[in-house]
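Below is one structure, written out as structure tokens; comments come after it.
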Amino acid sequence: MNIIIVIFQLFIITLVNCQTCYWPDGKSIAASYQPCNTTTAQCCYNSDPRHRDFCFDNGLCMSRLRGYVYRGACSDPKWSPESGCARHCTDVDQDTHSPVTACGMKMCCGSVFDPAVVACCRSKNTDPDSDVDGFWWSNSTLSNLETCPKADQGLARSDIIAIIIGSAAVFVALIAWIWPQKEKPQTPIGRLRKSLGNIVSRR
């Protein structure tokens with residue numbers, strides 16, 4: 001019983017430390033993304049130690065390999081304002097990440113070759129909260145993405161399968177411990193020995 005409890009606790013700890021991250025549509029899972037730290041739901045890309053992206057405290061991420069800024073994912077599927085996740089570029093590319101292009105101090109959602117980004121960069125709109133015509137970059141701090149027990153491999157499909165198999169194993173072990181064991185059917189020799197034993201005991 002003790003080993004079942006230990007396995008269950010380890011399984012729960014893994015789920016807490018490596019929470020699932022979601023895209024803005026609230027349904028699609030962002031594989032290989034993880035929360036930046038334990039105080040925010042903001043998620044950035046983390047496939048392996050060589051590609052562990054940076055986190056801005058304004059909710060955006062920066063690619064370690066390619067150096068571009070992008071809107072990542074969120075461990076809060078509702079992307080609530082208090083989650084710490086990005087408040088911009090959530091209406092585009094809702095089932096994946098969204099690159100963010102800098103046009104001076106103004107930021108536009110999408111890649112530099114996107115016609116919508118070209119129009120955004122040319123726009124004279126000064127609304128700091130507009131995603132259509134760009135938003136202003138806010139002063140923010142860049143930090144390293146903290147690791148969790150499965151951070152080196154990321155939450156790829158193999159990790160998700162492993163978690164499912166682990167939870168199934170815990171469930172089966174609990175059922176096996178709780179469910180009363182039925183008496184195994186005896187073989188013909190076993191029945192004969194039992195009958196002989198009853199005859200001897202009656203004498």
Side-chain angles (χ1 to χ4, degrees), residues 18-37 39-148 151-160:
C18 294
Q19 297 181 45
T20 301
C21 296
Y22 299 89
W23 296 123
D25 64 5
K27 299 177 293 183
S28 303
I29 295 177
S32 296
Y33 279 69
Q34 73 162 76
C36 291
N37 53 60
T39 62
T40 180
Q42 173 193 2
C43 298
C44 292
Y45 189 73
N46 180 32
S47 63
D48 57 68
R50 295 169 299 176
H51 195 170
R52 185 173 294 146
D53 286 352
F54 300 105
C55 304
F56 285 106
D57 58 9
N58 62 3
L60 298 176
C61 307
M62 187 173 78
S63 171
R64 180 183 292 269
L65 291 182
R66 297 178 176 84
Y68 70 90
V69 177
Y70 64 93
R71 184 267 300 142
C74 185
S75 62
D76 176 8
K78 295 182 179 180
W79 287 66
S80 55
E82 61 273 13
S83 66
C85 297
R87 304 310 306 155
H88 297 286
C89 304
T90 57
D91 293 332
V92 296
D93 300 321
Q94 290 197 316
D95 59 352
T96 186
H97 77 288
S98 173
V100 179
T101 300
C103 303
M105 290 301 294
K106 187 171 71 169
M107 311 299 291
C108 296
C109 303
S111 65
V112 66
F113 300 109
D114 189 336
V117 172
V118 175
C120 171
C121 289
R122 292 175 178 174
S123 172
K124 301 299 182 181
N125 193 339
T126 57
D127 183 356
D129 297 320
S130 172
D131 278 356
V132 176
D133 294 315
F135 60 93
W136 297 115
W137 177 262
S138 59
N139 292 329
S140 58
T141 302
L142 186 68
S143 62
N144 286 312
L145 188 150
E146 296 181 3
T147 60
C148 66
D152 288 344
Q153 292 79 29
L155 285 178
R157 181 176 299 177
S158 59
D159 298 317
I160 297 174

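Quick note: numbers below take in every heavy atom, side chains included, and nothing from hydrogens, waters or symmetry partners.
Residues Cys44 and Asp53 share a closest heavy-atom pair of CB-CB, 4.4 Å. Between Gly59 and Ala86, the shortest heavy-atom contact is O-CB, 3.4 Å.
Rounding to the nearest 0.5 Å places CZ of Arg71 at 9.5 Å from CG of Leu60. Taken to the nearest 0.5 Å, the CZ atom of Arg64 stands 10.5 Å off from the OG atom of Ser47.
Cys pair Cys120 and Cys103 fails the test of SG atoms under 2.5 Å apart. Disulfide check for Cys36/Cys55 passes, with the SG atoms closer than 2.5 Å. Between Cys21 and Cys43, the gamma sulfurs sit within a distance below 2.5 angstrom.
When side chains are defined from C-beta on, Asn58 counts as touching Trp137, because their heavy atoms get closer than 4.5 Å. Side-chain contact between Ser32 and His51 is absent, with no heavy atoms from C-beta onward closer than 4.5 Å. In this structure, the side chains of Lys106 and Trp136 come closer than 4.5 Å at one or more pairs of heavy atoms. Between Gln94 and Trp23, every side-chain heavy-atom pair lies at or beyond the 4.5 Å cut-off. Considering only heavy atoms from C-beta on, Tyr68 stays 4.5 Å or farther from Ser111 through its side chain.
For the side-chain contact (heavy atoms from CB on, under 4.5 Å) test, residues two or more places apart in sequence or in another chain that qualify with Val117 are Thr101, Cys108, Asp114, Cys121. Residues passing the ring pair (Phe, Tyr, Trp, His ring centres under 6.0 Å) test with Tyr22: none are found, sequence neighbours excluded.
A donor-acceptor pair under 3.5 Å is absent between the side-chain atoms of Gln42 and the main chain of Cys61, judged by distance alone. In this structure, Trp79 contributes its side chain and Arg87 its backbone to no donor-acceptor pair below 3.5 Å.
Of the candidates Val69, Asp93, Val92, Val112, Asp93 is the only one forming a side-chain contact (heavy atoms from CB on, under 4.5 Å) with Pro99.
Using a 30° and 60° split on the angle between ring planes, Tyr70 and Tyr33 fall in the perpendicular class, above 60°.
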